[in-house]
Amino acid sequence: MNVKATFELAGEPRAQLGRTDSRRLRKAGKVPAIMYGGGEPPEAVVLDHNSLKHQMSREAFFTSILTLKVGAKAQQVVVKGVERHPVKPQIMHLDLQRVREDVEITLSVRIHFTGEAESKGVKDQGGVVDHLMTDVEIRCLPRHLPEYLTLDVSHLELNQLLHLSDIKLPEGVTLVALAGGHDHPVVAVNPPRAEEIDIPVETETPAGEVPALAQAEPAAEGEAGAEAKAGDAKGAAKPEAKGAKPEAAKGKPEGKK
């Protein structure tokens with residue numbers, strides 16, 4: 001049984017609108033917000049950033065009926081949208097929808113999975129639990145709004161899965177997708193994914209056999225030596241230039257007798 005959490009927000013009316021005023025509010029530690037629905041016109045309000053951030057740290061904040069106090073007036077609302085800074089841990093804007101006790105609301109709630117470690121597919125067959133969905137959209141009256149839904153996977157075996165229709169719903173709660181005829185898969189037990197690891201292949205050289213690299217080096221040296229000898233031989237066999245005179249014999253020629 002889900003235990004209901006309670007949250008209260010203290011807001012102030014927002015007189016000025018626009019981007020310039022929104023930046024001013026954020027620098028002052030405030031969060032601009034809008035409250036709409038419930039048969040009333042939209043109302044711009046301002047919330048304290050640190051107080052809001054503290055309450056938003058709890059998962060139940062997003063699936064609970066919140067009490068928003070603006071001045072002396074208290075209003076029941078739910079969170080419909082949150083805008084966050086892309087880099088900083090800062091809440092930029094909040095969308096709140098008024099709720100009425102007799103009007104159904106549509107909200108997204110988390111799915112809590114139980115029995116994963118005890119699942120036969122994990123414990124005995126070495127499988128891995130794969131969450132195909134982590135939240136689901138529901139429709140119900142405000143008094144039936146659950147904090148979360150629970151799905152037991154302890155009986156799952158390898159290569160088996162559960163669908164939306166396998167979730168046990170509290171009283172008065174309807175799954176939007178299932179009501180529309182879409183019984184989506186929610187969780188499965190799959191074989192573990194094999195990790196691709198590049199392992200260098202080492203080859204052993206049989207005893208008495210010279211590695212190919214060692215054979216190539218002497219061969220290269222032999223080829224180089226052969227080329228050098230061939231060059232010497234060419235130099236020795238080079239013919240003398242045309243018209244060259246033979247070298248004269250040293251010494252004086254003999255005189256006539």
Side-chain angles (χ1 to χ4, degrees), residues 1-14 17 30-84 91-114 131 133-152 162-184 186-187:
M1 180 177 179
N2 297 347
V3 179
K4 291 283 186 177
T6 58
F7 299 90
E8 291 187 359
L9 298 175
E12 302 172 3
R14 182 182 176 185
L17 302 177
K30 304 294 183 179
V31 178
I34 185 72
M35 178 172 56
Y36 57 87
E40 300 180 27
E43 181 180 352
V45 296
V46 179
L47 305 173
D48 180 73
H49 182 273
N50 290 339
S51 176
L52 178 62
K53 184 179 179 182
H54 174 72
Q55 298 199 63
M56 287 178 63
S57 63
R58 299 176 60 185
E59 181 184 81
F61 178 85
F62 300 93
T63 53
S64 297
I65 305 298
L66 315 176
T67 301
L68 174 61
K69 293 182 178 181
V70 181
K73 183 179 179 181
Q75 178 71 55
Q76 304 297 307
V77 297
V78 291
V79 178
K80 292 297 289 186
V82 180
E83 182 183 350
R84 302 177 187 269
I91 304 164
M92 304 291 287
H93 194 273
L94 194 67
D95 288 355
L96 300 170
Q97 179 183 338
R98 299 184 186 95
V99 298
R100 294 171 53 181
E101 293 183 358
D102 58 341
V103 178
E104 287 188 331
I105 57 176
T106 301
L107 210 61
S108 181
V109 300
R110 299 284 293 181
I111 303 174
H112 287 189
F113 300 93
T114 62
H131 299 153
M133 299 178 66
T134 57
D135 54 80
V136 63
E137 196 172 47
I138 66 169
R139 184 183 297 116
C140 65
L141 292 173
R143 64 176 178 271
H144 292 148
L145 180 62
E147 181 179 331
Y148 56 85
L149 299 177
T150 303
L151 183 57
D152 181 20
L162 296 177
H163 294 79
L164 289 175
S165 56
D166 295 306
I167 300 177
K168 294 182 179 181
L169 299 175
E171 178 188 359
V173 177
T174 302
L175 297 179
V176 175
L178 195 58
H182 305 289
D183 193 8
H184 300 302
V186 178
V187 61

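All values derive from a computational prediction rather than experimental measurement. Positions are given from 1, in the same order as the sequence printed here.
Counting non-hydrogen atoms of other residues, nucleotides and ligands closer than 6.0 Å to CD of E171 gives a total of 12 or fewer.
Q97 CD to Q75 CD: the interatomic distance, rounded to the nearest 0.5 Å, is 10.5 Å. For the atom pair L178 CG and I138 CD1, the distance stands at 13.0 Å (nearest 0.5 Å). Atoms CG and CG, from L9 and L94 in turn, are 7.5 Å apart once rounded to the nearest 0.5 Å. A distance of 10.0 Å separates CG in L175 from CZ in R139, rounded to the nearest 0.5 Å. Interatomic distance, H49 NE2 to M92 CE, rounded to the nearest 0.5 Å: 9.0 Å. The CD1 atom of I65 sits 11.5 Å away from atom CZ of F7, with the distance rounded to the nearest 0.5 Å.
Side-chain atoms of D135 never come within 3.5 Å of backbone atoms of S108 as a donor-acceptor pair (strictly under, hydrogens ignored). Looking only at distances, a side-chain donor or acceptor of Q55 sits under 3.5 Å from a matching main-chain atom of E8. Not a single donor-acceptor pair under 3.5 Å links the side chain of H184 to the backbone N or O of L164.
Counting heavy atoms from C-beta outward, V70 and P13 have side chains that approach closer than 4.5 Å. For the pair V136/L149, a side-chain contact is recorded, criterion being any heavy-atom separation below 4.5 Å from C-beta on. Looking at Q76 and T67, their side chains come closer than 4.5 Å, going by heavy atoms from C-beta outward. The shortest side-chain heavy-atom distance between K168 and T150 does not fall under the 4.5 Å cut-off. Counting only heavy atoms from C-beta outward, the side chains of T174 and L169 never approach each other to under 4.5 Å. The shortest side-chain heavy-atom distance between F61 and L52 falls under the 4.5 Å cut-off. Here the side chains of H93 and I34 are in contact, with some heavy-atom distance below 4.5 Å. Counting only heavy atoms from C-beta outward, the side chains of L141 and E101 never approach each other to under 4.5 Å.
Shortest non-hydrogen contact noted between F113 and H131 is CD1-NE2, 3.6 Å.
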Using side chain to side chain contact (heavy atoms under 4.5 Å, CB included), reason through M56 and R84 one step at a time and then give a plain yes or no. CA-CA 12 Å; M56 287 178 63; R84 302 177 187 269; 3.4 Å; yes
Side chain to side chain contact (heavy atoms under 4.5 Å, CB included) for I111 and T134? Distances and angles first, verdict last. CA-CA 5 Å; I111 303 174; T134 57; 5.9 Å; no
Decide yes or no on side chain to side chain contact (heavy atoms under 4.5 Å, CB included) for E147 and V109, but give the supporting numbers first. CA-CA 7 Å; E147 181 179 331; V109 300; over 6 Å; no
F62 and L107: CA distance, side-chain angles, deciding distance, side chain to side chain contact (heavy atoms under 4.5 Å, CB included) verdict: CA-CA 9 Å; F62 300 93; L107 210 61; over 6 Å; no
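Salt bridge R98/E43: present, at least one basic N to carboxylate O contact under 4.0 Å.
Relative ring orientation between Y148 and H112 is described as parallel, the plane-to-plane angle staying below 30° on a 0-90° scale split at 30° and 60°.
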